[in-house]
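Numbering of residues begins at 1 and proceeds along the displayed sequence. Bear in mind that the values here come from a model prediction, so they are computed numbers and not experimental data.
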Amino acid sequence: MIASDGTRAPRTLGVEEEFLLVDSGTGQPVAVVEAVLAAASAAAPRPDRTDGPPPLHLESEAKQEQVEAISPPSTTLDELSRAIAAGRRMADDAARTVGARAAALATSVLPFISHVAPNPRYDRMREQFGLMMREQLTCGFHVHVAIASEEEGVAVLDRIRPWLPVLLALSSNSPFWRGQNTGYASYRYQAWTRWPSSGPYDVFGSAGAYRRTVESMIASGVLLDRGMVYFDARLCDHYPTIEVRVADVCMDPE
């Protein structure tokens with residue numbers, strides 16, 4: 001990427017890892033995300049400055065039985081590896097304070113009843129998508145890579161399509177669903193692609209075509225909003241990145 005002074009700047013990347021919150025004794029998913037976030041906030045040092053990208057931190061997700069660790073932007077894989085390890089420690093340390101653990105599992109090994117996080121948007125999704133939203137409890141590994149423009153981002157999306165199934169195969173970490181061995185290496189992907197906006201996508205050809213596709217899906221009611229673009233990879237709406245979303249959260253951080 002070219003910096004404002006004309007020099008070539010390193011391209012940044014970051015990750016979002018979703019973890020199951022499980023009882024430390026039984027392994028059963030538990031709805032304790034608010035207590036986990038409170039514990040993490042109490043333990044985190046205050047940032048020296050408030051401008052710039054946020055530091056490593058935890059956030060809630062759609063279900064109260066999961067938590068997400070979000071890394072700051074990195075410029076090397078070594079730096080990113082350290083952030084991933086730190087995010088896992090942060091999530092698990094906070095979970096331990098309430099008798100839980102943060103498990104790097106893309107689906108639960110045991111049967112579960114999940115609870116939608118208190119959020120008006122998630123309430124709308126539950127109303128519109130019913131059982132699909134109620135049953136959804138999966139954990140993914142999302143990789144953000146900086147782009148110079150939306151046109152560059154769509155060019156990348158068009159070119160990486162054949163490789164996304166390879167990333168899913170490499171990351172597969174969800175053979176179980178609701179207490180059963182499914183016979184799939186990644187049943188998370190099977191469960192996730194029930195969403196009408198998820199899975200593989202066609203070649204777009206331009207940023208305009210990508211945006212028109214998204215707007216038509218919103219207009220038809222397939223999506224509630226742009227946050228529900230669940231393609232295997234997408235343009236991120238809140239960062240200048242492409243976001244590769246196809247992978248399971250991996251057991252091994254390496």
Side-chain angles (χ1 to χ4, degrees), residues 1-18 52-54 56 59 61 68-84 87 106 138-173 186 188-189 192-193 195-219 222-250 253-254:
M1 296 178 67
I2 306 302
S4 58
D5 61 0
T7 61
R8 185 170 294 276
R11 198 178 291 269
T12 59
L13 68 163
V15 300
E16 299 166 345
E17 285 199 294
E18 298 168 342
L56 176 71
E59 289 188 1
E61 255 299 333
E68 184 174 51
I70 301 177
S71 79
S74 301
T75 55
T76 69
L77 292 180
D78 285 344
E79 184 182 344
L80 186 64
S81 179
R82 291 192 293 272
I84 289 172
T138 63
C139 295
F141 178 79
H142 304 162
V143 181
H144 288 259
V145 182
I147 53 174
S149 66
E150 288 193 349
E151 288 294 346
E152 181 188 60
V154 171
V156 172
L157 294 180
D158 287 351
R159 286 162 175 77
I160 65 175
R161 292 168 67 252
W163 297 103
L164 296 178
V166 179
L167 295 181
L168 176 61
L170 288 170
S171 69
S172 296
N173 184 31
S186 174
R188 165 198 156 267
Y189 192 72
W192 183 253
T193 50
W195 290 106
S197 56
S198 65
Y201 51 88
D202 291 329
V203 171
F204 295 108
S206 69
Y210 177 96
R211 290 299 180 191
R212 286 192 295 274
T213 298
V214 172
E215 292 302 329
S216 69
M217 295 173 78
I218 293 173
V222 173
L223 308 180
L224 294 182
D225 52 39
R226 290 182 180 84
M228 278 193 69
V229 176
Y230 293 152
F231 303 152
D232 290 345
R234 69 181 182 183
L235 294 182
C236 181
D237 260 359
H238 49 284
Y239 298 119
T241 66
I242 61 162
E243 181 184 1
V244 180
R245 302 170 48 85
V246 72
D248 284 4
V249 67
C250 300
E254 290 299 319

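- Taking the side chain as every heavy atom from C-beta outward, Trp163 and Val244 never approach each other to under 4.5 Å.
- Under the 4.5 Å side-chain criterion, counting only non-hydrogen atoms from C-beta, Glu254 is in contact with Ser81.
- Residues Trp195 and Met228 are in side-chain contact: their nearest non-hydrogen atoms beyond the backbone lie under 4.5 Å apart.
- Among all heavy-atom pairs drawn from Gly205 and Asp158, the shortest one is N-OD2, 2.9 Å.
- Side-chain contact between Leu235 and Ile147 is present, with at least one heavy-atom pair separated by less than 4.5 Å.
- Nearest heavy-atom pair, Glu152 versus Ala148, reported as atom, atom and distance to 0.1 Å: OE1-N, 2.6 Å.
- Note that the CZ atom of Phe231 and the CZ atom of Arg245 stand 10.5 Å from one another [nearest 0.5 Å].
- Atom CG of Leu77 is surrounded by 12 or fewer heavy atoms from other residues, nucleotides or ligands within 6.0 Å.
- Counting only distance, with no hydrogens or angles, the side chain of Thr138 and the backbone of Arg188 share no donor-acceptor pair below 3.5 Å.
- Annotation: side chain of Phe204 is not in contact with side chain of Arg212 (no heavy-atom distance under 4.5 Å).
- Of the options Val145, Thr75, Thr76, a side-chain contact (heavy atoms from CB on, under 4.5 Å) to Thr12 is made by Thr75 and by none of the others.
- For Asp232, the side chain to side chain donor-acceptor pair (under 3.5 Å) criterion is met by Tyr189, not counting sequence neighbours.
- Distance check, rounded to the nearest 0.5 Å: CD of Glu243 to NE2 of His142 gives 6.0 Å.
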